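Quick note on labels: first sequence line is chain A, next is B, and so on, each numbered from 1. From a predicted model like this one, the values you see are computed outputs, not experimental measurements. Just so it is clear, the values below take in all heavy atoms, side chains as well, and ignore hydrogens, waters and symmetry mates.
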Amino acid sequence: MSHRTDVRRYRGLSGFAVVFFLWLYLPIAVVIFYSFNENRLVSVWTGFSLKWYAAALDNQNLMNAVRTSLEIAAIATVFATTIALMAALVLVRGKGVRFRRVSETIVNLPLVLPEIVLSVAVLILFSQIGFANGFAKLAIAHTTFCTPFAFLPIRARLQGMEMDFEEASADLYANKWTTFRRVTLPLIAPGVFAGAMLAFVISMDDFITSNMLNTGGATTLPVYIFGLIKQGTTPELNAISTLIILVSLAVAALALFIQGRGGSMTDT
Amino acid sequence: MIRAGTGPTRKGTDLETRKKAVEIRQVSKMFGTFQALETVSFDIYDNEFFTLLGPSGCGKTTLLRMIAGFEEPSTGQIVLHGNDIQALPPHKRRVNTVFQSYALFPHMTLEQNIAYALENLGWPKEMIRARVAEMLDLVHMSKFARRKPQQLSGGQRQRIALARALAPEPEVLLLDEPLSALDLKLRQAMREELRALQRQTGLTFVFVTHDQEEALDMSDRICVLGDGRIQQLGTPREVYEDPSNRFVAHFIGETNFFDVDVLSVEGDMARVRTPLGLDLTASQKHVAADQSRATLSLRPEKIGLEEQATGEILTGTVTSTNYLGGYTYYVIRVGEADIRVSRRNAMSHVPSLAEGATVRLGFLPESARVLGQ
């Protein structure tokens, strides 16, 4: 990097960066700090304790919400990624595909539509057709809005992949399925993985739709936490939040690790 | 005689008796409204090193891709060893391609790359192992069997791409500008290796290039393509010595062009008036009897200087010299025309000619060509 374009030469940049990171992470640090507070009152420090963690892990309702969230996210990830992969293959690689632009826009529509609109629509649709299984409703709705998040990285990876590899595979007597299995999929795997991760995180994080479709057996973690807050914040909430942060960090680290191993397709 | 654009009309050559490997029959290709290739027909024979030569956009790669099956001809048929392969997808055609980018699978080792086609063909494991070893040996890469393509140099990747394409014993090997990514020295070395490999395997090679030197060096026959048409099809000597038109004379090698007035045409010969202040009779191609203007082509190395000047003698002034090691190029002004002349620097006692010097130059009329188009 040349001296002229080195961002560090701007005055006050380091100070600004510090303020920015404080603004971003101070609230989180406060949550983590008070999760170890022994006192019942959230913001009065009286001593170190792990009892709120114990309380959180003992809370059967909380654990149910966690399990629901994980199950919904897992199902939504598998279906959304599969649909996204198929859509990307057709829209990027397909020959003579009609309405390519329109189809892509339709796949990506949940990104730009306000989620509240979608969730109301889903709610009305399900009640109209008399579909009552709360868990299935959540899984279907999550698959819908997770699909574009899985689609974008997969499409980007496919677009960045030279046709040469697939042509070489066909040239070397591989039929379409073998080409997909042994050449296309391994080469776009980092994109597929990134798409799946995004879908998983988006599903875990969702509140609006999950809240709208909330029924007895299908309360996700964000909806449950929101319910706790309505009763007033407790240190148990801090402990739950801290655990979620830990899991998120672990997942992000794993994602980075796998992406790093995926390597680049360009061999020059 | 081979005429441009109309395909094979040769007669009385031994090629007639050879087996045809690939037949291109009335093939054309449109991309939307763009005519990439006009209707062409020609045959490629068994054991032949056949080159498709032309500038970018001439349709040579399109032709190769149609043989491989990656593109469908808009009209016509492609026949491989007597079988129409038009309906076959790429993976069912017994031809293999060496790609310009090599397209080695980055997630597989070299062994796996070479074994890939054999696995798809359902070869038994033992045979695959033996064939992979044989191929690695053929291209002198046995030591690198477990490496990934990213760990190789350009020349090594080239060899592996060749080995991978040769492993399944294709009926025809297609090569799409395989040398263009290599540097000069390596390119020359690979030319020799390719030629040797072709002789050794006895396979039919269809080679695409825009490099005329490569084409002259390696080919049994060259198909010169330009503007989506066959400009000429012949041996390297034929396309260089007897170019069928201005395009071929210009594209292959260097030449001097002169606009000439046609005085008379008799059979293969034409008498023309040149801007050099002399009339001469030279062999002609495609000059119509009623044509008044034509082009005279005269190669720089066909012109002798000073004591090597023979035939038609002219006098001129040296306006520039380019020393190129083995050769020196001179531009010599004769009347209104500039003539490029090359002279081998064979004997060190021959003094080089200074700019501004007056020189004698001469050429034999039979080394000049009159081109009608």
Is Phe99(B) in contact with chain A via its backbone, its side chain, both, or neither, using a 4.5 Å heavy-atom distance? side chain
Whether over 12 other heavy atoms sit under 6.0 Å from Arg67(A) CZ: no
Distance-only polar pair, side chains of Asp164(A) and Tyr102(B), donor-acceptor under 3.5 Å: no
Heavy-atom pair with the smallest gap, counting every atom of Leu172(A) and Tyr116(B): CB-CD2, 3.9 Å
Other residues, nucleotides and ligands only: do more than 12 of their heavy atoms fall within 6.0 Å of CZ on Phe31(B)? yes
Distance, nearest 0.5 Å, that separates CZ of Arg65(B) from CG of Asp171(A): 10.5 Å
Glu119(B) and Tyr173(A): side chain to side chain contact (heavy atoms under 4.5 Å, CB included), yes or no, with the steps? CA-CA 9 Å; Glu119(B) 286 161 9; Tyr173(A) 311 106; over 6 Å; no
Considering non-hydrogen atoms only, spot the tightest contact between Ala168(A) and Arg164(B) and give its length. CB-NH2, 3.6 Å
Derivation of the side chain to side chain contact (heavy atoms under 4.5 Å, CB included) call for Phe105(B) and Arg182(A): CA-CA 10 Å; Phe105(B) 304 127; Arg182(A) 294 200 57 192; over 6 Å; no
Which bit of Arg94(B) comes within less than 4.5 Å of chain A, counting heavy atoms only: side chain, backbone, both or neither? both
Is Glu72(B) atom CD crowded by more than 12 heavy atoms from other residues, nucleotides or ligands, each under 6.0 Å away? no
